[in-house]
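What's counted below: heavy atoms across the whole structure, side chains too, no hydrogens, waters or symmetry copies. First the proteins, then the strands, lettered A, B, ... as listed; each starts at 1. As the structure is a prediction and not an experimental result, all values here were calculated from the model.
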Amino acid sequence: MAHAHALTHDDVMRPPAGREPGSGVYNEKLGMWVFLGSEVMFFTSLIGAYIILRFGHPEKWAPPGEVLNVPVTAVNTFLLICSSVTMVKAFASAQDGNQRALRSWLLATVLIGASFVGVQVYEYAELVHKGFVPSEGLYGSTFFTMTGFHGFHVTVGVLCMMFVTWRAFQGKYTATDHRGVEVIGLYWHFVDLVWIILFTIVYLI
Amino acid sequence: MSWLLPPHASSYAADIDWLYYLILIITGIAFLVVQIGLVWFIIKYRARPNGKALYTHGFAKAEWIWTSVTAVVVVVIGLLSAGVWDRIKGRDSIPPGAIPIGIHGKQFEWHISYPGADGQLGTGDDLSIRNQLHLPLNKPVVATLTSEDAIHSFFIPAFRIKQDAVPGMTIRVWFQPTDTGTFELACAELCGLGHYRMRAVVTVHAEAEYQRWLDERGRAAAASPTALLQR
Amino acid sequence: MEQVKHSHPNYIGIWVALAVLTAVELGVAFLPWSKTTLILLLIGLALWKALLVALYFMHLRFEPNRLRILAIAPLPLAVILVTAVITEYFW
Amino acid sequence: MRVAFGIVLALTAFGCGGDNGGASDQPAAGQEGGGAIAPAGGGTITGTVSFTGTPPANPTIDMSEEPACAQKHAGGARDPQVVVNDGKLANVFVFVKSGLPAGQTYPVPSSAAMLDQDGCLYEPRNFGVMVGQQLEIKNSDPVLHNIKAVPTKNRGFNISQPTEGMTTRRTFNTEEIGVPLECNVHGWMKASVTVLNHPFFASTGNDGTFTIRGLPAGTYEIEARHEKLGTRTQSVTVPQDGTATADITFGAAAS
Amino acid sequence: MASTAAVVHEPALEHAHADDRPFIRKYIFSTDHKIIGIQFLLMSLFFLLIGGMLAMVIRWQLGFPGRAMPGGGVLPETMAPGGIVLPEFYNSLVTMHGTFMVFFAIMPLLVGVFGNYLIPLKIGAPDMAFPRINMASFWIAVPAGLIMLAGFFVEGGHAAAGWTGYAPLSANPELTGVSLGQQLWCVSLIILGLSSIMGSFNYITTIINMRAPGMIWFRLPLSIWALFITAILVLLAMPILSGALIMLLFDQTLGTHFFLPAQGGQPLLWQHLFWFFGHPEVYILILPAMGMVSDIIANGSRKPIFGYTSMVLAIIAIGALGWGVWGHHMFMSGMNPTLGTGFMISTLLISVPSAIKTFNWMGTMWGGNIRFHVPMLHAVAFVSMFVIGGLSGVFMATTPVDIYIHDTYFIVAHLHYVLFGGSLFAIFAAVTFWYPKMFGRLMNPLWGKVHFWLTFIFFNAVFFPMHGLGAQGHMRRIYDPTEYEFLAPLQGVNRMITISAFLLFTAQIIFLVNFIAGWFKGAKAGPNPWQDNGLEWATPSPPPHGNFPVTPHVYRGPYEFSSPLAVDDDYLPQSRKLETDREPAVLPAGD
């Protein structure tokens, strides 16, 4: 827009030119890292409540594997790790400017991410069928709230990833400007990181 | 309405009042210094036709002075209060031999149960009365606070005692009445539409009279159980 | 200043490490050790995996220090909240 | 200047957009049929509920902290859970449980059922209303009462009446047996209201008698409920335009 | 120092390029931080008015318990039959007064309005880092406000568990008879939390990455430092509230058991989560006010701020320590008393930075050449009132005294002295100070002074006696104080407070009229009516879209008043280049 000319266009992947040195990274990446700070605090409140409640009444939690289906979620965790790898491969190919590899890696990430959500929905259906529901007690309340909101974040991530993939197919991401891929990658890895912690403290402890 | 605290009638109320007045004096001095200083600066340094402000970015020495003075005052207040807090609510602050009285808060009334002859709460011979707390003079009392529905707060202004009764928790808090007479007990935590009506009367008797009252009420209750016990 | 094909961190290596660590976690979780050692070990493994993802996948290793500080700024707050509320039980 | 004006325009347009769903307690207009209840038939069931054995002593109520109510009970308040006058049991709610012609709908009476709070006690303690009928709750004490209904099928309410003479109207819209009403300011105040979609119910007075009118001929199963002594069922055959009597007895032990 | 400093370089003030965006894009769905700031201003003034009206009904019931409120007949039968306020409606009033004032009036007024309007202008940026997210942040806050308003009209009445929403009263609909109202309260605050988080990461990115050349960290005006630290507090505190509200919402709807003790839930967990958000929240409500007051007092005294670095460190200290004091709200709540001692110490320590700031404001006025324009009046009143609020806070920080005064009117007096006496006076100052920059016209100074003096007097008449009420043990949030014999003698004071409160409310109409009339009849204001040094005063009023045709360069701090370098006038704007000034070291490929 009209005012953009004050922001020089030479390299958008570096901090804004003609400005005091700030964080050393371009605006969108800094914005995403700051946003992830707030996400950390959001999961702090949910996981913190879980840790506090479980510390208070450990007897209300079943030993690992008794109620929750660990094998299926272990595969699911591996799926999410793979989607992190495909995401980072997509970013690497975006850096190299290899459009075809970028598109295929992005597609792979979208598919694996969506299948993670699918497996989680299946796991929920299985649990609810078995009578393990949020109103069952502390165990059900904390489990469904934490994994539910993590699933919600993964779903939002998959939707954004689809949008980025659609733009990739339009060739919007070149070697000099692939901010979208890097920023959605940061969000995706964060969601994967949260799941890695969640998987351990919910399923394995 | 006097600015001083109302007359107190329990053992540690004097410590609380003393701390209150200490802080009132300290903050009073600080209040005067700041307000008078402000008024003085406003008058002295108001804009004059060709007045010139002093170009200075501040003096580190002055900053260090008021920072350290404030810090010292604040730490002193903290140390003084920590002692009193520990005596009132510390882990082993409840004096031995304190009379256990069950204070059960429920939406909009207090059920106060007195230990029967065995002196223990929760045994069969307890006497439960609605909104009436009768206490012997100069005897430590430990109130065992429980709540049935929302959070209530056991607050007797004259004894300077306040403690929330949290559902799912049993909280023990002690006090020792030092004056006979009747005082009022109120709920100090919003607990629903009748929160303002959770009023109970606290009556402090001399020792013998308290015992006589307890026996008389015990006999009356034994004769015909009150509605409360038949939940 | 065209970015020539620059070196990428060994992503596949990290992937394998994560997979192995997950497998180890699964193994450890069902061992009959004492509860506390199990919890500490599992949380340690989880934090190790999380660190790997953060350093290599989120490139924190290659970012300026200012961004790293900014990234880990909220963590002490989480620790303050949980430890303070847990002391609620030691009364 | 157009800057600010444009924005105010937008905001006021949004500002008063808040939806205002009417509060559901306005009187349910348009539901009641003809004036008085059009009797579906001429049959009547009358009867007396009697009590054998010595009635349990009603517990005393400690109203010392509620002087306004205490003075209304001369000899010390008692909780009238089991009220027996020379063998006759009061506060028994009798209603037609089954046997009514299926699919028959009955007009909702326009007059409200009355519930009074006098001397920190509910009056009546065990009564019925029709679905959609107005229940008028009156506070005859100069103290705060709150009326808390905790039904399972209906939507509950928890309303207060701080001043004397205050009346509030509420309706129930699904059938439910024995909706408990309580006052939280006075823990001993208990009442029970049964919501039915037919008008064939009555509560026994102090003389233990009840009358259910307007029944078409047929055999019905009536149920008598007492807050303490449980329930009794009995089947009754009502002749065309005749009167059937049904005497129910409650023993000391709840059956 | 060369005394003859000729003016060399002044950013051109030519009229901005024509702006061709349609009315809708330019004023309603605008991505210009200035328009969004003004939109937040109008929305939060609307909710300030609503909060004020709720307060009037509360004061009527406390002043004249049980008597029909004049004009109360308009209220429906579930709220005030015959104009007599019902206890459950009184609890909703208390809850909604707190909620509207904290979340929909003071917070948007400080963070939404001045964060949006001032940050890009004062650091020399064309707009926020993410203009579209900035617009979305406002347009998510509007439905949050509407949902909160809608709560009044739902069956069962509005939320009635206090603005703090303590569980289990808030989590179990049976205890209050309010189910949908409490759920709307939760949903509305979650949506507002989302809007605040979007706003805060926008502010943080803009301040870190888009400062004009020469605007190094220690040349930032204190208002921007305060807004920066506040944005970090918002960023990290609001998600905690969102998480806690989600759990509360699930407790009410899905039957989960986080805060219901029957199944092992913890009522204290809600208080810990709420106040872990709550105390940073109250610093969110005061820090921007402190920052803007520092700017205005320096301007009014025509003197550099006293101890700029220690002021910045005090803001950072308040922001950091703010996370470690939340337990002082819970001394009596059944919390572990050893925690109580710990929180007492951290709370007492946090009063030190506030003391530093107060003495620095006084140091600024010392030796000044004070001009008493309306913003300066409000700013000085802020300092005076905030000190009373701060000092009454010391009473509560000490645990034994808090045993007596917790949940009494002493607390109500404290919070109103810091929120009304503090933040609202600072808001009056800031609105009057930046009004010419926003609308190009000045608010009428005479009416401004009338409004100031009336508000100042009636504010003290309303809230100072509350300290006394609290000292006598008058509990807060009670519907009818005449129930208690020990409160009967205080009823006269309650009546006096009610009458003063009504006068205080009517005095605010002067501000409202002055504010609106100023758009049309206010005196034309040039680019720098207050002769201030900030970058925003180097742009025309109101600044064009894109703010600075040429990105300004900054050569000095923001408070160079009465500088020996500036010979003819007593201020030296940051962007004015003197011969002795060196060009800032700008990144390569600068313009």
Side-chain angles (χ1 to χ4, degrees), chain B residues 1 3 5-6 15-16 19-20 23 27 30-31 34-35 37-38 41-42 45-47 51-55 57-58 63 66-67 70-71 74 77-78 81-82 84-85 88-90 107 149-151 153 157 160 162-164 166-169 171 184 186 188-193 195-197 199, chain E residues 87-88 162 166 168-169 175-176 261 267 301-304 306-307 310 332-334 337 341 344-345 348 351-352 355-356 359 362-363 365-371 384 387 391 394-395 398-401 403-404 406-407 468 471-473 475 477-480 483-484 486 490 493 561-564:
Chain B
M1 173 186 78
W3 293 91
L5 297 178
D15 304 340
I16 293 178
L19 259 176
Y20 176 86
I23 297 171
T27 44
F31 169 76
V34 170
Q35 305 299 354
L38 275 178
F41 287 173
I42 284 172
Y45 299 107
R46 66 186 183 285
K52 194 77 172 149
L54 196 64
Y55 179 73
H57 285 279
E63 304 232 17
W66 56 56
T67 313
T70 323
V74 144
I77 293 176
S81 339
V84 176
W85 172 255
I88 297 172
K89 301 244 162 131
Q107 261 191 333
D149 32 46
I151 296 177
S153 187
R160 306 289 191 276
K162 178 183 284 127
Q163 178 57 49
D164 283 10
V166 182
M169 287 171 78
I171 301 165
E184 281 173 307
E189 182 62 60
L190 182 63
C191 58
L193 57 87
H195 161 62
Y196 74 103
R197 276 279 296 171
R199 171 180 180 278
Chain E
E88 59 264 36
Y166 276 7
L169 189 64
L175 300 181
T176 51
S301 316
R302 312 309 295 164
K303 182 168 169 287
F306 188 96
S310 63
M332 251 40 75
S333 69
T341 315
M344 168 173 69
I345 306 223
L348 285 171
S351 65
V352 173
I356 289 170
F359 290 122
M362 288 177 67
M365 290 169 64
W366 169 79
N369 183 19
I370 304 175
R371 299 181 183 165
S384 164
V387 159
L391 292 176
V394 176
F395 286 85
T398 48
T399 41
V401 178
I403 292 178
Y404 179 61
H406 178 66
D407 265 345
Q472 298 306 311
M475 295 81 68
R477 292 173 172 171
I478 55 169
Y479 165 74
D480 179 0
E483 281 294 326
Y484 294 90
F486 80 99
L490 307 176
V493 177
F561 293 100
S562 316
S563 154

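Atom CG of residue L19(B) and atom OH of residue Y404(E) lie 15.0 Å apart, to the nearest 0.5 angstrom. Once rounded to the nearest 0.5 Å, the distance linking OG of S153(B) with CE of M475(E) reads 10.0 Å. For the atom pair NE2 of H406(E) and CD of Q163(B), the computed distance is 9.5 Å after rounding to the nearest 0.5 Å. Note that CD1 of I478(E) is 12.0 Å distant from CZ of R199(B), once rounded to the nearest 0.5 Å. Here CD1 of I42(B) is found 4.5 Å from CE of M365(E). Values are rounded to the nearest 0.5 Å. Rounding to the nearest 0.5 Å gives a distance of 9.0 Å between OG1 of T399(E) and CD1 of I16(B).
Across all their heavy atoms, S81(B) and T398(E) have their closest contact at OG-CG2, 3.4 Å. In this structure, P167(B) and P267(E) approach most closely via the heavy-atom pair O-CG, 3.7 Å. The shortest heavy-atom contact between A150(B) and P168(E) is CA-CG, 4.0 Å. Scanning both residues, P157(B) and F486(E), for their nearest heavy atoms gives CG-CZ, 3.5 Å. Here the closest heavy-atom approach between residue A82(B) and residue T341(E) is recorded as CB-CG2, 4.1 Å. The two residues Q35(B) and S384(E) have their closest heavy-atom pair at OE1-OG, 2.7 Å.
Aromatic ring pairs are classed by plane angle as parallel below 30°, tilted from 30° to 60° and perpendicular above 60°; the pair W366(E) and Y45(B) is perpendicular.
Heavy-atom distances place both the backbone and the side chain of V34(B) under 4.5 Å from chain E. Both the backbone and the side chain of P337(E) come within contact range of chain B, with heavy atoms under 4.5 Å apart. Contacts of I356(E) with chain B are made by both backbone and side-chain atoms, with heavy-atom separations under 4.5 Å. Contacts between I151(B) and chain E at a heavy-atom distance below 4.5 Å involve backbone atoms as well as side-chain atoms. For L190(B), the parts lying under 4.5 angstrom from a heavy atom of chain E are both the backbone and the side chain.
A donor-acceptor pair under 3.5 Å links the side-chain atoms of Y484(E) to the main chain of Y196(B), judged by distance alone. With hydrogens and angles disregarded, no donor-acceptor distance shorter than 3.5 Å links the side chain of W66(B) to the backbone of A355(E).
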Step-by-step side chain to side chain contact (heavy atoms under 4.5 Å, CB included) determination, K52(B) to N369(E): CA-CA 6 Å; K52(B) 194 77 172 149; N369(E) 183 19; 6.0 Å; no
Show, in sequence, the C-alpha distance, side-chain angles and deciding distance for M344(E) and W85(B), and conclude whether the side chain to side chain contact (heavy atoms under 4.5 Å, CB included) test is met. CA-CA 10 Å; M344(E) 168 173 69; W85(B) 172 255; 5.7 Å; no
Assess whether side chain to side chain contact (heavy atoms under 4.5 Å, CB included) is satisfied between F306(E) and E63(B), documenting all intermediate values. CA-CA 9 Å; F306(E) 188 96; E63(B) 304 232 17; 3.8 Å; yes
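Contact of the T67(B) side chain with the F359(E) side chain is not registered, since no non-hydrogen atoms from C-beta on lie closer than 4.5 Å.
Annotation: maximal heavy-atom pairing with chain B below 4.5 Å, among P87(E), G473(E), G367(E), occurs at G367(E). Among A47(B), G58(B), G168(B), the residue making the largest number of heavy-atom pairs under 4.5 Å with chain E is A47(B).
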